[in-house]
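Have a look at the structure below, then the notes.
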Amino acid sequence: MHHRQKKEVPADPGISCLCSISRSSRIQHEKVNQKSFTKLANRLVKKYDIPQAAIPNLTSKRSTAFIRHLVHRRFNLKDIQLQDFDDMVKDVLKEDHATANDLIQTLLEYSVPEAKKWVDYIFEELGLIISVNLPELSPDVPANNDEWADWDAECSSSTPVPYYTLKPPVDQVIWIDTPEACRECFHRIEQERLVGLDAEWKVVFDYAPPRVALLQVAITDQVFLLDMIALCDAFQKQDLGFLLMNLMQNESIIKLGYGFDADMKVLSKQFQACKSITDEVKNLIDFDYFHHSVLPNHLYLCCNHHNGMPIKSSLNGLVEMILGQPLDKREQFSNWERRPLNQSQLVYAALDAYCLLELFWSLEEQAPNFGADVLELLKPLKQGVKAKSNKSGRRKKAKAQRSRIQGAISSYLQDQEASASIDAIAGDAKCSTKEESLCSLPARSSIPVTPASQFRVVVDTMLQGLGKHMRQCGVDCAVLDNKQDHAECVRLSLKEDRVILTRGKVFDQLRQYVPKERIYKVVEEKPIKQLQEVFGFFNVDVEESDIFSLCQHVIRKHEMYLQICNNGDFIEVPTEFMVTMLDGNSRDVVTLGNYRLDMTSGTILGASANVRLQLDHVPREVPPRVCLFYGCVSCGKIYWDGSHLGRAVSGKFRDILGMRVTQSQY
DNA sequence: ATGCTATCCAAATGGTCTGG
DNA sequence: CCAGACCATTTGGATAGCAT
């Protein structure tokens with residue numbers, strides 16, 4: 001607390017002043033971090049309620065910083081619209097005339113006309129003359145202006161394509177600004193099971209406590225926008241607080257929010273009746289918590305749009321991952337105390353609350369596909385909010401939360417294997433030996449037999465050998481290319497319903513993205529052994545007829561993975577036809593099975609597209625020795641029964657055939 | 001007892017990212 | 001801009017061990 005003497009010394013000139021005063025101290029100029037120092041000063045001001053007048057330097061520093069921030073957002077980030085920018089700048093100027101100069105200087109870096117506009121404003125409204133030499137307005141300036149006008153227009157017109165849009169029609173967005181309407185509204189809400197909640201307020205740049213300007217409540221087919229400013233005037237203030245509190249305490253209504261803690265905090269300061277709202281709220285589901293603590297372990301929940309990409313943060317990101325399109329956040333920083341609000345503000349506000357419902361519905365729909373339950377996944381948050389009541393120490397809280405997560409996960413996964421994997425997820429470096437046992441644990445008898453032709457698999461880069469063998473056994477198998485990211489497995493797995501086969505550390509990376517039964521960690525080193533291991537684990541039945549039943553031809557090296565023909569349908573060509581085609585002296589079209597073959601060019605006349613047999617790849621000496629050829633009707637690759645098949649059946653695949661029966665081995 | 005160092009832990013701080 | 005949450009890192013105080 002000896003810092004207290006230091007605190008009142010304002011920023012930069014103060015630091016040197018301070019240093020000169022305390023000769024004995026070991027303070028060095030360059031070591032004083034100005035940012036931290038200002039921060040500390042601000043904190044102390046707040047803590048001891050020091051009046052603004054006593055700290056002019058800090059105050060003006062903050063105002064000019066805020067102005068700069070506004071300009072930055074307006075001109076660089078471009079997420080404030082003209083009207084809001086004007087409103088907020090005027091607020092600051094009103095509060096502190098001294099910022100005027102800085103405003104003009106800052107604006108000059110971006111837009112001369114804009115600076116000019118404000119010089120005029122400051123002169124007319126505040127009676128101050130800013131002496132700057134404005135550069136001559138050059139001819140291109142009007143064009144410049146138009147550009148901005150376009151941009152503003154574009155923002156205010158409802159942007160058509162890339163953003164997520166509000167589902168309920170606009171006339172179901174209902175503005176509430178009278179006590180009667182408000183009571184009726186709350187009455188209506190009480191009948192709902194599920195509501196989406198959000199609040200907006202105007203950004204403040206000083207320490208004035210923010211007040212909620214708008215409260216949005218979304219129900220299935222409507223969104224209520226509560227004009228808190230009007231309602232506060234019209235109501236006995238207490239009554240409004242009690243109405244709110246009633247809603248929050250109502251156990252039978254599930255409230256959905258995103259970072260709703262912050263909103264509740266503002267409400268609790270604003271309404272006496274809501275003082276303990278954070279502690280007393282019932283049945284609140286906060287998607288912020290879900291987003292960061294639950295979703296990372298259950299990424300399959302957003303497989304529709306997410307596809308193994310890195311997780312995006314913020315409500316915006318969550319909506320994009322789960323619902324497919326991002327929100328348009330450009331109104332977020334706008335003036336929520338303006339009346340009436342813009343059309344785009346209204347839509348933004350309604351959407352912010354309504355999207356929470358849609359998130360919930362989407363998860364509700366997704367979760368059962370993976371054997372999970374939404375409420376089970378979301379439940380821990382209800383306690384999560386409650387648990388923060390005391391400052392009893394972050395560590396405890398963190399620990400408690402972690403165990404809650406574990407609880408949620410284990411109730412979802414529900415077996416012993418799961419608890420082992422949870423240990424791993426929880427962070428402690430468990431060594432691979434343990435994990436290996438983890439993989440081979442489940443009772444094989446519990447897994448139904450899968451015929452090889454129905455086993456669908458995606459194989460990671462380091463198991464390409466295994467992939468090749470699996471294909472030869474008739475398994476539909478996608479193989480990743482070397483330079484391809486492992487995460488591509490996840491995308492393919494989710495999109496094409498394939499089991500991921502991988503090994504090593506990658507397994508740990510990938511397994512959180514897919515349901516546990518969709519990924520397997522291969523232990524064996526040699527492809528043949530691996531084949532046995534995998535087929536054994538998944539109880540895959542390989543018949544002799546499966547072997548070489550699929551076309552093995554590599555069509556092309558796709559950017560992502562090897563594109564294999566993988567077709568199982570062949571045209572059977574007797575030797576005599578093959579010979580005449582190779583000689584090239586026949587004009588006949590013959591019917592072979594389900595297909596017709598134009599022998600002039602060796603083209604299969606198929607249903608979809610005509611395919612040319614790859615005659616060039618048949619060595620001349622082969623035909624006399626073989627009686628039947630098989631042409632892949634998809635890519636035209638030609639096969640014949642050579643020694644290959646026999647060798648394979650009696651050789652490398654011997655142990656795999658009929659494994660289902662003799663599954664004792666391994 | 002005194003001084004020095006090593007060790008541990010909670011509190012403080014910095015950084016980043018969200019919300020408005 | 002500010003507040004808050006989270007996470008990693010730092011800090012400073014308390015303590016124990018050792019030598020003086």
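Bear in mind the structure is a predicted one, so any value in this text is a computation, not a measurement. Letters A, B, ... mirror the listed sequences (proteins, then strands); counts begin at 1.
Between the P atom of C:dC1 and the NZ atom of A:K202 lies a distance of 19 Å, rounded to the nearest Å. Atom-to-atom, CZ of A:F260 to P of C:dA3 comes out at 21 Å; the value is rounded to the nearest Å. Rounded to whole Å, the distance from OH on A:Y289 to C1' on C:dC6 is 13 Å. A:M264 has its CE atom 14 Å from the C1' atom of C:dA5, to the nearest Å. Nucleotide C:dA3 holds its C1' atom 15 Å from the CG atom of A:L267, rounded to whole Å. Protein atom CZ of A:R68 is 10 Å distant from nucleotide atom P of C:dC1, rounded to whole Å. Following rounding to the nearest Å, A:H72 (NE2) and C:dC1 (P) show an atom-to-atom distance of 9 Å. Between A:F205 atom CZ and C:dC1 atom C1' there is a gap of 9 Å when expressed in whole angstrom units.
Nearest-nucleotide positions on DNA chain C for A:A65 and A:K269 put A:A65 closer to the 5' end.
Closest contact between the side chain of A:K39 and the listed nucleotides B:dG14, C:dC1, C:dA5 involves B:dG14.
Across all strands, A:Y207 comes closer than 4.0 Å only to sugar-phosphate atoms, never to a base (heavy-atom distances). Among the protein residues, A:R62 comes within range of the sugar-phosphate backbone only, with heavy atoms under 4.0 Å from sugar or phosphate atoms but none that close to a base.
Contact annotation: A:K265 reaches the phosphate of C:dG4 (side-chain N/O to OP1 or OP2, under 4.0 Å). At the phosphate of C:dC2, neither OP1 nor OP2 sits under 4.0 Å from any side-chain N or O atom of A:R43.
Considering only residues two or more places apart in sequence or on other chains, A:D177 meets the salt bridge (Lys or Arg N to Asp or Glu O under 4.0 Å) condition with none of them. Contacts of A:W118 classified as ring-ring contact (aromatic ring centres under 6.0 Å, His included), with partners at least two apart in sequence or in another chain: A:Y121. Listed by chain and number, the residues in a side-chain contact (heavy atoms from CB on, under 4.5 Å) with A:K202 are A:D91, A:N335, A:E337 (sequence neighbours excluded). Under the side-chain contact (heavy atoms from CB on, under 4.5 Å) criterion, A:Y207 pairs with A:N42, A:K46, A:Q52, A:R62, not counting sequence neighbours. For the ring-ring contact (aromatic ring centres under 6.0 Å, His included) test, residues two or more places apart in sequence or in another chain that qualify with A:Y348 are A:W336.
Salt bridge absent: A:R73 and A:D84 never bring a charged side-chain N and a carboxylate O closer than 4.0 Å.
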Between protein and nucleic acid, restricted to nucleotides 16-19 of chain B and to nitrogen or oxygen atoms under 3.5 Å apart, what atom pairs and distances do you find?
| unit_1 | atom_1 | unit_2 | atom_2 | d |
| --- | --- | --- | --- | --- |
| B:dT18 | OP1 | A:S313 | OG | 2.6 |
| B:dG19 | OP1 | A:L315 | N | 3.1 |

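Taking the six-membered ring where tryptophan is involved, the planes of A:H69 and A:H72 are tilted, since the angle between them lies from 30° to 60°.
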